[in-house]
Amino acid sequence: MTPPASTAAAPPPHALPADPLLEIRDLTVHYGVIAALRGISLSIPAGAIVTLIGANGAGKTTTLRTISGLIPARRGAILFAGRNIVGQRPDQIVALGISQVPEGRLIFANLTVLENLRMGAFRQPRRALIADDLDRVYQLFPRLRERPSQIAGTLSGGEQQMLAIGRALMSRPRLLMLDEPSLGLAPLLVAAIFEKIAAINRDQKTTIILVEQNANLALEISDFGYVLETGRVILAGRSTDLRRNPQVRQAYLGVS
Amino acid sequence: MTEFLQQLLNGLSLGAVYALIALGYTMVYGVLRFINFAHSDVFMVGAFAGYYLNRWMPSDSMAGGLAILAGSMAFCALLGVVIERLAYRPLRRRSRLNVLITAIGVSLLLEYTGQFLFGAAPKPFPQLFPVRTFQFAGGLIVSTNQLAVLVLTPLLLAALHFIVLKTRFGTAMRAISFHPVAATLVGINLDRVISFTFALGSALAAAGGILYSLNYQSIDPLMGVLPGLKAFVAAVVGGIGNIPGAALGGLLLGIIETFVNGSRWSTATDAIAFALLILILLFRPAGLLGKLEVEKV
Ligand SMILES: Nc1ncnc2c1ncn2[C@@H]1O[C@H](COP(=O)(O)OP(=O)(O)OP(=O)(O)O)[C@@H](O)[C@H]1O
Ligand SMILES: [Mg+2]
C-alpha cells in the first residue's frame, strides 16, 4: 500500500524523494501587476518524469517560461543541480542542460528539418557529437530522417511535434520540459508521442517535466505530479496516488 | 543597341551599390524588426575609411585596392557592432519608436562627427585600382572602376548567400528572424547573432561606399543621405527582411534611375524613379519578394 497523496494546501517540497535535479522554492512571478505564480515550490527528482497539471491559466506555462529564463522571477529561487539559475539568459540555461519544447512548438517554419535540428545544437562546438545526436534523434523519430531538407512549416502537426522534441534533444539536456505536447494531435499520435517521451526518459536517463491538459495520460506515464491552481500548488504526490485522489479525479480526470 | 547596353551597364553598377546598402537595412530589419537609420552613414564612413587607408598606404595595384576595400569593410563591421552595442542594445526591450529615434540620433552623430573630423567640403576620392578603360566592339565602354563594381558585387552577394544559407550564424539569423523567443529557447545567443548581423551589413555598406566613390570620385560627410534613402526604399520594394529582395530592389532602382536620367525627363529622375517604386508597392504591398506578415506586438 502506498500512502494517499497529500492533500495539504501547499505541501512542503520534501514530500517528494530527496536528490532533486531541479528545485523551485517559493517562486513568485508577475505579468505587470498580475500575479501568475504566487509562491510555488517544486522538487524534480533526477531521472523522474514529473507532470504539472491544472486548468487553463493556472500558471503551468509561466512556470516553464520562468525556469527557461524568459520571464524574471519576482521572488524565490530555482536551483538546478544545486545552483541558483535565476537571472541567467535563456541560452545560458540551455547550456546548463535545461531544454524546453514550448507551447505551440515554435519550430522554425522557414528552416528545413535538418536546419531546425542543427539550431538545437547551436552551442555544441564538436561536429562529431552533433552527428551522434542527430543520429539519436533520427532513431527516435525515423520520419524526420526521411525528410531532412523539407521546410519545417510544411510538416504535419505530428511531425512538427517530433521535430520540436528532436530539436530540444540536440542540446543534450539533462532536464527536458514539454509544454502540452499533445495539443492539437489525434489520439493515436498522442499515444505515440507519449511513448517517445517515456523512451527518452528511460533510454537517455533524461529528467522530464511534462505540462499537460490531458491529465489522465500525463499521470499514467509520470512518476510524480503537481496540481496547480491560480498560481499555487494545491496538490502534490506520486502519480499513482494522484490518480486515485477524489479531488483530482473529479476536477481533472473527468470522473465524478 | 550599344547605347542601351551602356545604360544598362551604368544602371547595374549604380544598382549594385544600392543593393549592397539595402542588404544591411533588410538584414537588421529581419532580426530586430527595426530600421537602422544610421546605416547610410556607415556607408559614408566606409568611403572615408578607404580614403584614409589609401593615404596611409597608397594603392597602385589590384591587390592594393582589394586590401583597402577589405580594410574598410573590417573597420565598418566593427563600427556597426559598436553602434548596436552602445546605442541599440540597451533599448532592446523598449518600444520600437525609442530605438528608431535613437537610430536617427546616431545617424546625425556620425554625420556631424564626420564634418568635424573630415571637414564639410568634398574630398576627391583616389583611384584604388589601376585605371583602364576597355572598349568593346560597337563602342561599349567599361572602366576598371565599373568592372570592379560588376565583379565584386556578385562575389560579395555570393559570399553573403553562402553565409546566410550555409553557416551556423547565418541559419541562426534566419531562425531569429522567424521567432526570436524560440531561438533563445534552443540556445542561440541573440546578442552574438545580432552583433554578427550588424557586422555583416556594415561591411557590405562599406564595400558599397568604396565602389560608389570609385565611380563618383568625390566624398563628403553627407554623401550617405541620398543613396541611403534610396537603398532603404529599394529594400522595402524588394520586401523588407528579404535578402534576395533587397538585392533585386537595389538593382532595379539603379537601372530605372539610370534610364530615366538618360532620357529627356532627366530633371525629374528621382521623382519618376520613386513614383515607379510606389507603383510597385501599390500592387505588391509586401514588396516584390516579401510575404505580408502580421505585425507582432
Ligand atoms: N504575457 C502575459 N501577460 C499578462 N498575463 C499573462 C501573460 N501570460 C500569461 N498570463 C496570465 O498568467 C496566468 C498564467 O498563465 P499560463 O500561461 O502560465 O497558464 P497555463 O497554466 O499554461 O494555462 P493553459 O493551460 O491555458 O496553457 C494566466 O492568468 C494568464 O492570463
Ligand atoms: Mg500553458
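The analysis underlying the following values was restricted to heavy atoms, covering all of them including side chains, and did not include hydrogens, waters or symmetry mates. Proteins come first, then strands; the chains are lettered A, B, ... in the order of their sequence lines, and each starts at number 1.
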Note: B:G187 and A:R123 closest approach over all heavy atoms is O-CG, 3.2 Å
Could you look at A:I98 and say if it's the side chain, the backbone, both or neither that has a heavy atom under 4.5 Å from chain B? neither
Hey, could you give me the CD1/CE distance between B:I176 and A:M119, rounded to the nearest 0.5 Å? 9.0 Å
Please give me the minimum heavy-atom distance between A:F122 and B:V193, naming the atom from each residue. CZ-CG2, 4.1 Å
Just wondering, are more than 12 heavy atoms of other shown residues or ligands nearer than 6.0 Å to CD in A:E146? yes
For the residue pair B:I188 and A:D91, what are the closest heavy atoms and their distance? O-CB, 3.5 Å
Note: A:N110 and B:R174 closest approach over all heavy atoms is ND2-O, 3.2 Å
Tell me whether B:F37 at atom CZ has more than 12 heavy atoms from other residues, nucleotides or ligands lying less than 6.0 Å away. yes
At a 4.5 Å cut-off on heavy atoms, which part of A:A109 comes close to chain B: side chain, backbone, both, or neither? both
Hey, is CZ on B:F283 packed in by over 12 heavy atoms from elsewhere, all under 6.0 Å? no
State, to 0.1 Å, how close A:L70 and B:T184 come at their nearest heavy-atom pair, and which atoms those are. CD2-OG1, 3.9 Å
Min side-chain heavy-atom separation A:R89-B:N189 under 4.5 Å: yes
Atom CZ of B:R92 with >12 non-hydrogen neighbours under 6.0 angstrom: yes
Using a 4.5 Å cut-off on heavy atoms from C-beta on, say whether the side chain of A:F108 contacts that of B:V186. yes
Name the member of A:R105, A:R118, A:E115, A:Q100 that forms the most heavy-atom pairs with chain B at distances under 4.5 Å. A:E115
